[in-house]
Amino acid sequence: MMKTNTSKLLAFKFAALLATTSGIAEMTPEEKGLKIAIESDKRDTGFRDTIVEMEMVLTNRHGESSNRKMKLRTLEGVGDGDKTLITFDEPRDVKGTAFLSYTHKVDADDQWLYLPALKRVKRIASSNKSGPFVGSEFAYEDMTSQEVEKYTYKYIGDADLDGANCFQIERYPVDPKSGYTRQVGWIDKEHYRVIKIDFYDRKNSLLKTLSFNGYQQYLDKYWRADRAKMVNHQTGKSTELLWKNYQFSNGYTDRDFDQRSLQNAR
Amino acid sequence: MRSGALKTGLLAITFLISVSLEGAEWSGYATAETRVFERSPLSDEQKGGVSAAVILEPEFYADWKEGDRAFEFTPYFRFDTHDGGRNIIDLRELSYLIVNGDWEVRFGVSKVFWGVAESQHLVDTINQTDLLANPDGEDKLGQQMIQVVRVTDVGDFSLFLLPGFRERAFPGSEGRLRSSRWVDTDKPLYESSAEEGHIDGAIRWFNIIGDFDVGLHYFRGTRRDPLLVPSLDVDGNSIFRPYYEQMDQVGLDLQYTNEGWLFKFEGIARDTSSKEYSAMVVGFEYTLYGIGGSAIDAGVLLEGHFDSRGSNAFNPLNRDLFFGTRLTWNDDVDTALVAGGFVDLDNGSVFARVEFERRIGSRHKIEFEVQKLTNIASRDPFFDLRRDSYAQLSLSQYW
């Protein structure tokens, strides 16, 4: 009896091995979608922390644009979501304003705002997921860290995009307060980087498209784009993000992402 | 003190400009504003007509060691065409910050904010309020301080040593928004024999516990809000002299955040030689995001103000209810509108304000505000301001 069990187990293991080597053929589209998301997340695990300068170019439907400049510090979460501290430099009337966010895998995120004119730290409601981040085409939920647990997934096929061989997966936000019913993402098979995402609004109409460009590899492992563009198909407005001077592993700790640091950060 | 400190600051700046620094930067703004009052002033002494003011607040900031050492210098200048009492040269900031792991020390002239409420900052004690910058009480004077902070797993503990006191400024005899007897700030009275040289002190604990942000403080020293003592000037005219008592104060501020709801509480208990009393603000803010499918957020605010001294309180917010709304357009020019009003639950007096702002281009901002007092009862502390409803337009340039 013991023997049968062992051989059954072996047979199962063998089947699983076969499935893996033959391209996870036996998985349901949901399992395969999740597996791709986990792999993509795994390949970006271990970067510890980053600081980067980010410029935002907001363009309206008449082609007029305005700029925002900010600094983004990220501390990789261990067992929980990432911590992010954003300090604004331009426009000048909001210079010194800072935004601190603790992403959680399951629970609602925690967010604080620092207003330099009053030297005041304000805890703000994080239920504002779908609202625009600083007037841009990026919603708060697009800016905060993309934890695997925040979505359910479905693999829908393979597609070539800009010469890259991609998985196409759909993901569905778990939080009912999300502004989206679903997102369709293109992830390149070689490095599991997000190349493009289509966002569908609550009525399931195509709302926005986000495309990443100029991927560069840091520390021989982590891929970061140089620029990204979000186009809103319904309003004709767009927002471009330009990243400069990425620095990894600065030795940040939780102390660099607390109330005191929120007040002192520039 | 004021001009001495400013001189020291200017010297420091000259030095800092002469050495080249990484991460050193000038920023700041200049504002031109004009106020028009609804009615002529109460007294003949006060100047009527449209007034104007210019405000300049440059800021120099430099840091080293990835922000573990920082120097800030922020002088503040205001000149008013009608009210000499509004003219001021102040140091909002002249401070040096040292961060060493879980320890922080800041010394010099600086500003700290305590509290969570929107319509009154009850527990915010350290800095003197600059009511002449704006009657909304959001502006503060710089305060000389040594602040030591220890960050621990059970919260941040701050110790403040405050050598020297900043008097509250009041409108001059020609100014608007003043009591019928004007306050002669050249003749302050102090309970302490050390007068404005009294060394005040405070301790504060602040922590985040899940969805709660909690602060507790104890303050011992000079009251920031003076009592007003009726007196006569050299010509025999009736005036007030500000009287600064000593006080012991404990205070609690608490916010509970849940989805779109922010529940807020601030309370203080004060012991002075003239009176023991307590006061609190309790209320909530609820935000509706993206109203009607737009990007506009609408916030609703309700805050109740209570003071154990009742209608005898010198504080006009003794038994008042504040209703307010905050509209945020979330557009590329940060358009925002805040409107709110206090209703006195005992006498029905209404004090209302509307503030609108938006950016113009990348370096300018326009602000419009209206302050309206209506149905003011003769016993209400706002009674002397009953003819001082106004509209104000201001344009600022930032660099």
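Numbers restart at 1 for each chain; the letters A, B, ... are given by sequence-line order, proteins then strands.
Of the listed residues (A:Leu58, A:Val94, A:Leu118, A:Asn250), the greatest number of heavy-atom pairs within a distance under 4.5 Å of chain B belongs to A:Leu118. Between chain A and the options B:Asp139, B:Asn127, B:Thr257, the largest number of non-hydrogen pairs under 4.5 Å is found for B:Thr257. When each of B:Thr287, B:Val112, B:Val149 is checked for heavy-atom pairs under 4.5 Å with chain A, B:Val149 comes out on top. Between chain A and the options B:Gln397, B:His364, B:Arg359, the largest number of non-hydrogen pairs under 4.5 Å is found for B:Arg359. Contacts with chain A were tallied for B:Lys365, B:Gln255, B:Arg106, B:Glu285; B:Gln255 has the most, counting heavy-atom pairs under 4.5 Å. No other option in B:Gly101, B:Ser110, B:Gly28, B:Gly361 has as many heavy-atom pairs under 4.5 Å with chain A as B:Gly101. Chain A forms the most heavy-atom pairs under 4.5 Å with one residue out of B:Glu72, B:Glu57, B:Lys111, B:His121, and that residue is B:Lys111.
The pair B:Glu59-A:Arg92 does not meet the salt-bridge criterion, since no charged nitrogen lies less than 4.0 angstrom from a carboxylate oxygen.
With a threshold of 4.5 angstrom between heavy atoms, B:Arg92 does not approach chain A through any atom at all. Contact annotation for A:Arg120: both backbone and side-chain heavy atoms come within less than 4.5 Å of a heavy atom of chain B. With a 4.5 Å cut-off on non-hydrogen atoms, B:Glu104 touches chain A through its side chain but not through its backbone. Interface remark: B:Glu259 contributes backbone and side-chain atoms alike to the contact with chain A (heavy atom separation under 4.5 Å). For a residue to count as touching a neighbouring chain, one of its non-hydrogen atoms must lie under 4.5 Å from one of that chain's; by this rule B:Thr328 does not touch chain A. For A:Arg202, no part lies near chain B; criterion is any non-hydrogen pair under 4.5 Å. Only the backbone of B:Phe212 comes within less than 4.5 Å of a heavy atom of chain A; no side-chain atom from C-beta onward does. Neither the backbone nor the side chain of B:Trp329 comes within contact range of chain A; no heavy atoms are under 4.5 Å apart. At a 4.5 Å heavy-atom cutoff, the contact between B:Asp331 and chain A is made by backbone atoms alone. Neither the backbone nor the side chain of B:Glu66 comes within less than 4.5 Å of any heavy atom of chain A. With a 4.5 Å cut-off on non-hydrogen atoms, A:Lys177 touches chain B through its side chain but not through its backbone. Only the side chain of B:Asp297 has a heavy atom closer than 4.5 Å to any heavy atom of chain A. Proximity to chain A (any heavy atom under 4.5 Å) is shown, for B:Glu357, by neither the backbone nor the side chain. If you measure heavy-atom distances from B:Asp102 to chain A, the contacts under 4.5 Å come from both the backbone and the side chain. For chain A, the nearby parts of B:Ala295 are the backbone and the side chain; heavy atoms of each come within less than 4.5 Å. Proximity to chain A (any heavy atom under 4.5 Å) is shown, for B:Asp211, by both the backbone and the side chain. When heavy atoms are compared at a cutoff of 4.5 Å, A:Asp110 approaches chain B solely by way of its side chain, counted from C-beta outward.
Between B:Phe113 atom CZ and A:Tyr114 atom OH the span is 11.5 Å, to the nearest 0.5 Å.
Contact check for B:Leu262 versus A:Ile124: no side-chain heavy atoms found under the 4.5 Å cut-off. The shortest side-chain heavy-atom distance between A:Arg123 and B:Lys264 does not fall under the 4.5 Å cut-off. In this structure, the side chains of A:Asp89 and B:Glu25 come closer than 4.5 Å at one or more pairs of heavy atoms.
Heavy-atom neighbours of A:Lys154 NZ from other residues, nucleotides or ligands within 6.0 Å: at or below the threshold of 12. By the neighbour-count criterion of 12 heavy atoms within 6.0 Å, atom CZ of A:Arg224 is densely surrounded, having more than that number from other residues, nucleotides or ligands. For A:Lys221, the NZ atom counts as densely surrounded, since its 6.0 Å shell holds more than 12 non-hydrogen atoms of other residues, nucleotides or ligands. Around atom NZ of A:Lys105, more than 12 heavy atoms belonging to other residues, nucleotides or ligands sit under 6.0 Å away.
Looking at every heavy atom in both residues, A:Trp112 comes nearest to B:Ile208 through CZ2-CD1, 3.6 Å. Smallest separation of non-hydrogen atoms from B:Asp332 and A:Ser66: CB-OG, 3.9 Å.
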Trace of the side-chain contact (heavy atoms from CB on, under 4.5 Å) decision for A:Glu90 with B:Ser362 = CA-CA 8 Å; A:Glu90 283 182 28; B:Ser362 62; over 6 Å; no
query = Where do B:Glu138 and A:Lys119 land on the salt bridge (charged side-chain N to carboxylate O under 4.0 Å, His left out) test, with the steps shown first?
reply = CA-CA 10 Å; B:Glu138 298 280 337; A:Lys119 296 226 160 186; over 6 Å; no
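Side-chain N or O atoms of A:Lys95 include none that pairs as donor or acceptor with a backbone N or O of B:Tyr398 at under 3.5 Å.
Taking 4.5 Å as the heavy-atom cut-off, the residues of residues 258-266 of chain A that approach chain B are A:Asp258, A:Gln259, A:Arg260, A:Asn264, A:Arg266, ordered by number.
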